[in-house]
Asker: 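Below is one structure. I have some questions about it.
What you see below is based on every heavy atom in this structure, not just the backbone, and it leaves out hydrogens, waters and symmetry mates. If you read the sequence from its start, that first residue is 1, and numbering goes on from there.
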Amino acid sequence: LTAIRTTTDYVNEISESQDAKDGLGIICDNVEHLNNQIQEFRNLSSRRRDAVETVHLDKYIEQALDMLSMSIQSRNIHIEKDFQSDCECVLLNGTALARTFLELITSAVQSVDAGGCVALRLADKEEDLLTFEISHDIKSATSLSDNPVDTGISEREKAMDHPRFLMAQWTIQSCGGKLSMTQEGENRSTFSIILPKNALRPSDAHKVVT
């Protein structure tokens, strides 16, 4: 990216065409955007375990959507957002949870046809619990399944046995939450994440498990 930016600046200096300068300006803007995304990925990849954090789940969702913005725009994916709570909770391993949100939303975006829709819903399940749902139409199989084969096993069963889903499930459990997946017919899938508003309160954590 540094090389692209340096070359773009040089070409901009020697170019006399305004159209060329405008085009180079677009390149510079995208280079800056990619630099910001790289920094966000570096932040998410940092390992911070057993750290108590107060997080806003809507910010995690918006962060993931920003990282996926180019893919979403290029495939004309419609994102339907419905946030019905204050989205704040106290939990362990917030950074790991942010990575998992990114992975699950990425899976949903990759699973829909161009021009399709991904619905993101955040709501109070109970007084002390938050629910985040990622619902989307699917093509022949979810993106969590690699090279699916017709074995009589449902796409939901294939996806739930996939290592990426199992890892996401483990991560959310380490944050005091629960991840599940449901399938409506053959063409629609929903990831459901239940999190306690305060994972440090045993009563809240107990509600998630039950």
Side-chain angles (χ1 to χ4, degrees), residues 44 55-87 89 91 96-126 129-197 207-210:
L44 287 180
V55 302
H56 290 82
L57 301 183
D58 57 335
K59 292 184 179 179
Y60 281 178
I61 298 169
E62 295 293 352
Q63 182 182 43
L65 292 175
D66 183 61
M67 291 184 184
L68 296 170
S69 60
M70 289 188 176
S71 176
I72 291 170
Q73 292 174 12
S74 65
R75 299 183 60 234
N76 195 29
I77 303 297
H78 174 65
I79 303 297
E80 179 183 290
K81 293 185 289 186
D82 182 13
F83 299 163
Q84 300 176 358
S85 74
D86 61 9
C87 310
C89 58
L91 46 75
L97 181 64
R99 288 198 298 269
T100 299
F101 273 25
L102 173 61
E103 290 167 0
L104 292 175
I105 295 173
T106 298
S107 174
V109 169
Q110 292 175 342
S111 295
V112 300
D113 290 312
C117 176
V118 175
L120 307 174
R121 300 185 181 90
L122 189 59
D124 294 303
K125 181 179 177 64
E126 295 180 21
L129 301 179
L130 291 173
T131 299
F132 174 41
E133 293 184 345
I134 306 169
S135 183
H136 60 91
D137 292 330
I138 53 178
K139 293 181 275 191
S140 59
T142 65
S143 64
L144 287 171
S145 301
D146 296 329
N147 300 319
V149 179
D150 185 8
T151 60
I153 301 174
S154 72
E155 296 304 332
R156 175 178 178 274
E157 291 173 312
K158 293 176 188 177
M160 291 184 69
D161 286 336
H162 195 283
R164 285 172 57 192
F165 180 85
L166 296 176
M167 180 60 69
Q169 200 169 47
W170 179 88
T171 298
I172 291 170
Q173 288 174 352
S174 75
C175 299
K178 181 179 179 180
L179 169 65
S180 60
M181 177 183 175
T182 57
Q183 188 170 335
E184 302 171 22
E186 297 181 354
N187 299 316
R188 192 160 187 83
S189 180
T190 300
F191 296 115
S192 295
I193 300 168
I194 301 176
L195 291 165
K197 289 187 177 179
K207 287 182 179 180
V208 173
V209 174
T210 56

Asker: Minimum heavy-atom separation for Ala114 and Ile77, please, with both atom names.
Answerer: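 Of all heavy-atom pairs spanning Ala114 and Ile77, the closest is CA-CD1, 4.3 Å.
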Asker: Can you measure from CD (Gln183) to CZ (Arg188) and round to the nearest 0.5 angstrom?
Answerer: 11.5 Å
Asker: Pro196 and Leu129: which non-hydrogen atoms are nearest, and at how many Å?
Answerer: CA-CD2, 3.8 Å
Asker: In terms of side-chain geometry, is the basic nitrogen of Asp124 or Lys197 positioned less than 4.0 Å from the acidic oxygen of its partner?
Answerer: yes
Asker: Which atom pair, heavy atoms only, marks the closest approach of Phe83 to Leu120?
Answerer: CE2-O, 4.0 Å
Asker: Would the distance check show the side chain of Thr171 and the main-chain N or O of Met167 forming a donor-acceptor pair, the cut-off being under 3.5 Å?
Answerer: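 Between the backbone of Met167 and the side chain of Thr171 there is a qualifying donor-acceptor contact (under 3.5 Å).
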Asker: Please step through side-chain contact (heavy atoms from CB on, under 4.5 Å) for the pair Ile105 and Ile61, ending with a clear verdict.
Answerer: CA-CA 8 Å; Ile105 295 173; Ile61 298 169; 4.2 Å; yes
Asker: Output all residues satisfying salt bridge (Lys or Arg N to Asp or Glu O under 4.0 Å) with Lys59, sequence neighbours left out; order by chain, then residue number.
Answerer: none
Asker: Just verifying a value: how many Å separate Thr100 OG1 and Leu179 CG, rounded to the nearest 0.5 Å?
Answerer: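 Those atoms lie 8.5 Å apart.
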Asker: State the CG-CD1 distance between Leu122 and Ile193, to the nearest 0.5 angstrom.
Answerer: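 Here the rounded value is 9.5 Å.
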Asker: Apply side-chain contact (heavy atoms from CB on, under 4.5 Å) to Asp82 and list each qualifying residue two or more places apart in sequence or on a separate chain.
Answerer: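 Asp82: side-chain contact (heavy atoms from CB on, under 4.5 Å) contacts with Gln84, Arg121.
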Asker: Any idea which heavy atoms bring Phe101 and Leu195 closest together, and the distance?
Answerer: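 Here Phe101 and Leu195 meet closest at CZ-CD1, 4.5 Å.
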Asker: Look up atom CG in Asp137 and atom OG in Ser135, then write down how far apart they are to the nearest 0.5 Å.
Answerer: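 So the CG of Asp137 and the OG of Ser135 are separated by 7.5 Å.
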Asker: Tell me whether the centres of the aromatic rings in Tyr60 and Phe132 are closer together than 6.0 Å.
Answerer: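 No, they do not, as the ring centres are separated by 6.0 Å or more.
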Asker: Under the rule for side-chain contact (heavy atoms from CB on, under 4.5 Å), what residues qualify as partners of Thr131, not counting sequence neighbours?
Answerer: Lys125, Glu133, Ile194
Asker: Supply the atom-to-atom distance Thr106 OG1 to Arg99 CZ, rounded to the nearest 0.5 angstrom.
Answerer: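 It comes to 13.5 Å.
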Asker: Calculate, to the nearest 0.5 Å, the distance between atoms CG and NE2 belonging to Asp113 and His136 respectively.
Answerer: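 So the gap between those two atoms works out to 12.0 Å.
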Asker: Any side-chain heavy atom of Gln63 within less than 4.5 Å of one from Asp66?
Answerer: no
Asker: So do the side chains of Val109 and Arg75 get within less than 4.5 Å of each other, counting heavy atoms only?
Answerer: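 Val109 vs Arg75: side chains touch.
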Asker: Can you name the nearest heavy-atom pair linking Cys117 to Val112, along with the distance?
Answerer: O-CG1, 3.9 Å
Asker: Do you know which two heavy atoms are closest between Cys89 and Leu130, and how far apart they sit?
Answerer: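 Reported closest heavy-atom pair: CB-CD1, 4.2 Å.
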